[in-house]
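Shown next, in structure tokens, is the structure this report addresses.
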Number of protein chains: 2
Amino acid sequence: MNRPKIVILGAGYGGMISTVKLQKMLGANEADITLVNKHNYHYQTTWLHENAAGTLHQDRTRIKISDVVDLNRVNLVQDTVVSIHQDEKKVKLENGELTYDYLIVGLGFEAATFGIQGLLEHAFTISNINSSRLIREHIEYNFARYNNEKEERPELLNIVVGGAGFTGIEFVGELANRVPELCEEYDIPREKVRILNVEAAPTALPGFDEELVEYAMNLLEGKGVEFKLGTMLKEVTNNSIIVEKDEQREEIPSSNVIWAAGVRGNSIVEEAGFESARGRVKVGDDLRAPGYDDVFIIGDCALVMDKENDRPYPPTAQIAIQEAETTAHNIKTLINGGDHLEKFVPDLKGTVASLGEGQAIGVVFGGKKLFGWTASVMKKVIDNRYLLKLGGVGLLLKKGKFNIFTK
Amino acid sequence: MNRPKIVILGAGYGGMISTVKLQKMLGANEADITLVNKHNYHYQTTWLHENAAGTLHQDRTRIKISDVVDLNRVNLVQDTVVSIHQDEKKVKLENGELTYDYLIVGLGFEAATFGIQGLLEHAFTISNINSSRLIREHIEYNFARYNNEKEERPELLNIVVGGAGFTGIEFVGELANRVPELCEEYDIPREKVRILNVEAAPTALPGFDEELVEYAMNLLEGKGVEFKLGTMLKEVTNNSIIVEKDEQREEIPSSNVIWAAGVRGNSIVEEAGFESARGRVKVGDDLRAPGYDDVFIIGDCALVMDKENDRPYPPTAQIAIQEAETTAHNIKTLINGGDHLEKFVPDLKGTVASLGEGQAIGVVFGGKKLFGWTASVMKKVIDNRYLLKLGGVGLLLKKGKFNIFTK
Ligand SMILES: Cc1cc2nc3c(=O)[nH]c(=O)nc-3n(C[C@H](O)[C@H](O)[C@H](O)COP(=O)(O)OP(=O)(O)OC[C@H]3O[C@@H](n4cnc5c(N)ncnc54)[C@H](O)[C@@H]3O)c2cc1C
Ligand SMILES: Cc1cc2nc3c(=O)[nH]c(=O)nc-3n(C[C@H](O)[C@H](O)[C@H](O)COP(=O)(O)OP(=O)(O)OC[C@H]3O[C@@H](n4cnc5c(N)ncnc54)[C@H](O)[C@@H]3O)c2cc1C
């Protein structure tokens, strides 16, 4: 009756795969498993930009946790984690407290705002289901307002996306497809709407293959996206942004500012006192927090170095999933009294960025480039593979993306 | 080549029926017909509360003018009327000017705000397609915000409808059906949402049959509507209303205030210097403005007295349509050199108020009462008859309401 208690914080990619794996690997009498999450659903963070643009409904993106986790085996606590007290092996929740023998921290990311003035107050971020749905409604509301105003109010129709990294580009791709629909719905001439993508780096998708970046930019510009590269976002006000390029400042009216230019680890991890940089803990090879043999940190809260170039791997769902598998394996080993923990070695399959329905760019399997429709199919295959891993064929059929013939 | 010029202002019920009738009654060489309207579409004002609640899409409510008006016969000017100069037989538009030999004014209603503090700034009105769509989006936006707020913000979920007259009750009926859908869409428990209907009179639907009023209130209360009768709306702020009952004031949080408690005639009519009360001109028996033999005023801008009780007929679509028919007839007579104009005698068929899909109350044909589903079918029959009159079977099939089996 003295079963070890495993507590998993966050039902993101990392938390969900950990839970599902542990539930399979451990016998009912081997451990108590508790999963803590803000909501009773898991969502696919990598689809949130589609919910935010309004091109995909949030119910496609989210999955009831009880649909994939066996509640006879796993204790699901729907609550908000407030703080972690690793020295006392305790976690404080908004409505309670938990103790653990093994802890998995998978609390995901937060937007990094870099202290830009007005950003916190006036800009939106694609962070979760609530915030993404809010972006969709915010833009729709401003479009609905437009024809009710006596004066010309361009800020209602200008959409500014901060950041032309992965998330920014994917979001802009969806917006470019969504805007014509919004124009139709709200009786607005398409040419009145601007989609601006502001990026401090001199190129979109910095670090990505140049030919693919060119393909993406051409395609998006063809759909009316305006890129402002080498341009710093200096300030966000109630109805405008102020940008700077080559020491020239410009004010652009916009009440639709979405910040997609940076993430950091969940600040709970930082506040707990783990050694971290921007909320990300440099974990050991076995994914444990330095100094705490019973705490595993995974996903966007963890920082794993790529030994080949001595730089951290960028935080991705792909890595979160693989870390979860290693973590489940290691906890099983510890519970069984073993001490030979598995080392985490990421097995990167490639990167595909969607550019709106039926369009994408990607690099897969050690350098092969993909464009357009092929890349978009590959993107769906990746997403579907995850669903299969998480919840088997049943979940795949329910939530998978099969509309591969959309051009 | 000296054809008389007929100018029709406003493509509402009155303006549209006038245009369609004149186009049929007059030969191509008998007159020039010009129809001026803000938009290139006509909308059924009597359905706008459904668009505002989000239970019917605006494209069901509106009809492209060119779908029913023959543009070879009628000159359609999409512009906004700024002022009428009846002594010069001239109309100023935002982008031009028109002269006329015969004028039909069918510019419809405006909300009457009775000088209530903050109403103009903070409340919405169900006035046209733009303003109704805005109400739908405003409520959705506030619902979307709710789960993103750190503090409890009940004002986001409280919907206040000012006025329990015809329009107020019809709107509340739609809202009562819509709110559960909104709760589902935005993950909000139904019991957090309040629908409040505030009415200064001691009863809902003042003047309506008591038994029917009771039926309506029971039904709506059963769906969670809270009536505040005998209650004056004193002030609307950014996020609340202040009401007074029995000299007691109460502040109720709400950022969703829709004012449906009073209409007046279009202020352009007043500003033109026609003798009027709240924008409504007491027209002669032949529907001409006092002192102006070439100006017909119809619909909500006209005031026609019911000689039986010496009170004005309430402004309705029904009367606007009938006035349009008389007006077309009278203009035809004048053009043909006649002087025996027809007197307008309303032929009231009854009144039906909808209480949300599949539910209504009504009085038809001299006193017969209708409840529930029967009344709701009658409502649809009335609406369909109008479509048939306006655009024949083609329009009826396109825009009619045939879902009579919805309970
Ligand atoms: C728009 C977008 C597109 C992306 N596209 C890709 C892509 O194509 N490929 C890719 O590999 N990566 C992509 N990423 C990155 C990827 O989504 C993240 O790396 C991944 O989600 C990290 O997973 P995680 O398990 O760490 O946390 P998350 O998936 O962020 O999950 C964290 C979970 O913790 C919960 N939580 C957070 N705080 C608390 C709290 N205090 N209490 C309780 N619960 C809490 C949250 O509700 C959530 O369920 C994208 C990211 C975004 C935003
Ligand atoms: C929600 C609601 C429900 C109702 N339900 C019923 C019902 O069930 N039965 C019933 O009989 N009555 C009902 N009424 C009342 C009925 O809608 C009105 O009496 C009727 O619309 C009046 O018709 P109208 O032709 O005068 O003007 P409207 O239908 O108001 O049309 C006026 C037209 O003029 C145009 N216009 C206005 N100003 C300008 C300008 N400056 N320049 C150019 N164009 C302009 C407008 O765009 C519009 O097309 C309802 C009203 C509301 C608001």
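Each chain gets a letter, A, B and so on, in the order the sequences are listed, and its residues count up from 1. It should be emphasised that the depicted structure is a prediction, and the values quoted were computed from it without experimental measurement.
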Interface residues of residues 122-131 of chain A facing chain B - non-hydrogen atoms under 4.5 Å apart: A/F124, A/N130, A/S131
More than 12 heavy atoms of other groups within 6.0 Å of B/E97 CD: yes
Check against side-chain contact (heavy atoms from CB on, under 4.5 Å), A/E137 and B/Y186: CA-CA 11 Å; A/E137 289 303 319; B/Y186 297 103; 2.9 Å; yes
Per-residue contacts, residues 145-163 of chain B versus chain A, heavy atoms under 4.5 Å: B/R145, B/N147, B/N148
Test item: A/D187 and B/H39 side chains (from C-beta on) under 4.5 Å apart, heavy atoms: no
With A/Y141, the side-chain hydrogen bond (donor to acceptor under 3.5 Å, both in side chains) member among B/E140, B/H138, B/R136: B/H138
Chain B contact residues among residues 49-65 of chain A, heavy-atom distance under 4.5 Å: A/H57, A/Q58, A/R62
Identify every side-chain donor-acceptor pair in residues 110-121 of chain A under 3.5 Å, counting partners at least two apart or on other chains, and give the distances.
residue	atom	partner	partner atom	Å
A/E110	OE1	A/S267	OG	3.4
A/E110	OE2	A/S267	N	2.8
A/E110	OE2	A/S267	OG	2.7

